[in-house]
Amino acid sequence: MNPRRSSPIRVALLVCVTLSLTAIPASAHPEGVYYPHPWRMNALTGRFAVSWRFTPEFPADAGFRARVREGAQQWNNVGARLTLKEVAAAESNYAGRGCGNQLLQGTDRNGMHWEAIDGPGGHLAVTWLCFGTIGLNTNRLYSFDMGWNSAESWHIPTSDPPSGTIDVGSAASHEFGHVTAWEPHFDDVAGANGSLCTVGDVNRHTMCAYYEPGTLRMRTLESHDIETFVNRYGR
């Protein structure tokens with residue numbers, strides 16, 4: 001039996017060009033708003049490690065992969081009960097794109113893909129989330145795919161990115177936030193969190209919908225990113 005969700009939800013990081021937001025006080029961040037379909041935790045330990053892997057077509061560049069790993073580590077550094085764990089198996093063992101078997105919770109999938117999405121200046125990366133439909137997995141995230149836009153001007157080093165380039169680490173931190181089952185962005189929730197996503201703010205939060213090219217502002221988690229994550233999974 002191989003049940004799958006026919007149309008996985010798509011969450012993406014977009015380039016910020018002319019976005020203007022009004023600063024309004026940030027409110028509390030209830031986990032049910034941002035995490036409507038969380039991962040199912042282990043009933044005995046109360047913890048869960050989400051596996052992920054590079055797929056065979058992903059660039060072999062060691063620096064690029066290091067920045068992706070650092071994006072996952074940003075969330076692991078929080079010390080929450082949910083962690084992100086890279087699979088050590090050979091990339092050739094990847095089971096292919098798609099949601100797959102709910103009962104495996106994506107242990108043979110959850111891949112990083114390199115692909116043409118919509119050309120430069122649009123979607124930088126996209127994560128597809130798959131929700132279960134049977135048993136304990138009902139309405140729970142159990143698998144994902146992350147696509148990286150091959151048309152973008154990616155900045156790989158840890159230094160400040162030149163104007164117009166896209167920081168790999170910032171995109172990775174944002175997309176792995178979605179991998180934790182975080183769905184809407186702070187600025188998607190009307191009337192509550194605009195001040196966290198103000199353009200030009202050095203403290204701009206990672207889980208905002210738009211990335212500002214040539215900046216590192218989304219590479220490191222900010223206070224409300226961490227608070228919301230911990231509200232969902234605890235420490």
Peer 1: Quick one: closest heavy-atom pair of Gly98 and Ser143, and the distance?
Peer 2: O-OG, 3.9 Å
Peer 1: May I ask you to decide if Arg235's main-chain N or O and Arg81's side chain share a donor-acceptor pair within less than 3.5 Å?
Peer 2: yes
Peer 1: Is Met112 reachable from Val87 through a run of hydrophobic residues whose side-chain heavy atoms are each under 4.5 Å from the next?
Peer 2: no
Peer 1: I'd like to know if the side chain of Asp225 and the backbone of Met207 have a donor-acceptor N/O pair within less than 3.5 Å.
Peer 2: yes
Peer 1: Tell me, do Thr133 and Thr138 make a side-chain contact under 4.5 Å, heavy atoms counted?
Peer 2: no
Peer 1: To the nearest 0.5 Å, how far apart are CG in Asp118 and NE2 in His123?
Peer 2: 5.5 Å
Peer 1: Answer whether the closest heavy-atom distance between the side chains of Met218 and Ser173 falls below 4.5 Å.
Peer 2: no
Peer 1: For Arg69 and Glu86, what are the C-alpha separation, side-chain angles and deciding distance, and is it a salt bridge (Lys or Arg N to Asp or Glu O under 4.0 Å)?
Peer 2: CA-CA 8 Å; Arg69 293 184 177 105; Glu86 183 181 358; 2.7 Å; yes
Peer 1: Is His155 close to Val168 at the side-chain level, that is, under 4.5 Å between some pair of heavy atoms?
Peer 2: no
Peer 1: Tell me, do Tyr233 and Pro38 make a side-chain contact under 4.5 Å, heavy atoms counted?
Peer 2: yes
Peer 1: Going by salt bridge (charged side-chain N to carboxylate O under 4.0 Å, His left out), name the residues that satisfy it together with Arg219, two or more places apart in sequence or in a different chain.
Peer 2: Asp167
Peer 1: Indicate, with yes or no, if the rings of Trp128 and Phe144 have centres closer together than 6.0 Å.
Peer 2: no
Peer 1: Answer yes or no: is there a donor N or O on one side and an acceptor on the other, between the side chain of Asp188 and the main chain of Ala209, under 3.5 Å?
Peer 2: no
Peer 1: Between Glu57 and Arg97, does a salt bridge (Lys or Arg N to Asp or Glu O under 4.0 Å) hold up when you go through it step by step?
Peer 2: CA-CA 12 Å; Glu57 84 273 10; Arg97 189 161 192 155; 5.7 Å; no
Peer 1: Looking only at non-hydrogen atoms, find the nearest pair between Trp39 and Asn110 and report the distance.
Peer 2: CH2-ND2, 4.2 Å
Peer 1: Verify, without hydrogens or angle tests, whether Asn42 (side chain) and Thr45 (backbone) share a donor-acceptor contact under 3.5 angstrom.
Peer 2: yes
Peer 1: Please check this pair: side chain of Ser150 against backbone of Glu115, looking for a donor-acceptor N/O pair closer than 3.5 Å.
Peer 2: yes
Peer 1: Can you find a heavy atom in the side chain of Asp145 that is under 4.5 Å from one in the side chain of His113?
Peer 2: yes
Peer 1: Would you call the rings of Trp154 and Trp114 parallel, tilted or perpendicular, where under 30° means parallel and over 60° means perpendicular?
Peer 2: tilted
Peer 1: For the residue pair His224 and Phe186, categorise the inter-ring angle as parallel (less than 30°), tilted (30 to 60°) or perpendicular (more than 60°).
Peer 2: perpendicular
Peer 1: Using atom types as modelled and distance alone, determine if a side-chain donor or acceptor of Asp187 lies under 3.5 Å from a backbone N or O of Cys197.
Peer 2: no
Peer 1: Check for a donor-acceptor pair, side chain of Thr55 on one end and backbone N or O of Gly111 on the other, with a separation under 3.5 Å.
Peer 2: no
Peer 1: Identify the heavy atoms of Tyr35 and Thr228 that sit nearest to each other, and give their distance.
Peer 2: CE1-O, 3.8 Å
Peer 1: Not counting sequence neighbours, list each pair that qualifies as a side chain to side chain donor-acceptor pair (under 3.5 Å) and has a residue in residues 58-68.
Peer 2: Arg65-Glu91, Arg67-Glu70
Peer 1: Measure the spacing between CH2 of Trp148 and CD1 of Ile166 and express it to the nearest 0.5 Å.
Peer 2: 11.0 Å
Peer 1: Kindly say whether Thr220 contributes a backbone atom to a donor-acceptor pair with the side chain of Thr206 at under 3.5 angstrom?
Peer 2: yes
Peer 1: Between the main-chain N or O of Pro184 and the side-chain N or O of Trp182, is there a donor-acceptor pair closer than 3.5 Å?
Peer 2: yes
Peer 1: Looking only at atom types and distance, does a side-chain atom of Asn76 sit under 3.5 Å from a main-chain N or O of Thr83, one as donor and one as acceptor?
Peer 2: no
Peer 1: If the condition is side chain to side chain contact (heavy atoms under 4.5 Å, CB included), which residues does Arg217 pass it with, not counting sequence neighbours?
Peer 2: Val202, Arg204, Glu212, Thr215
Peer 1: Should the ring pair His178 and His174 be called parallel, tilted or perpendicular, given that the plane angle runs from 0 to 90° and is split at 30 and 60?
Peer 2: perpendicular
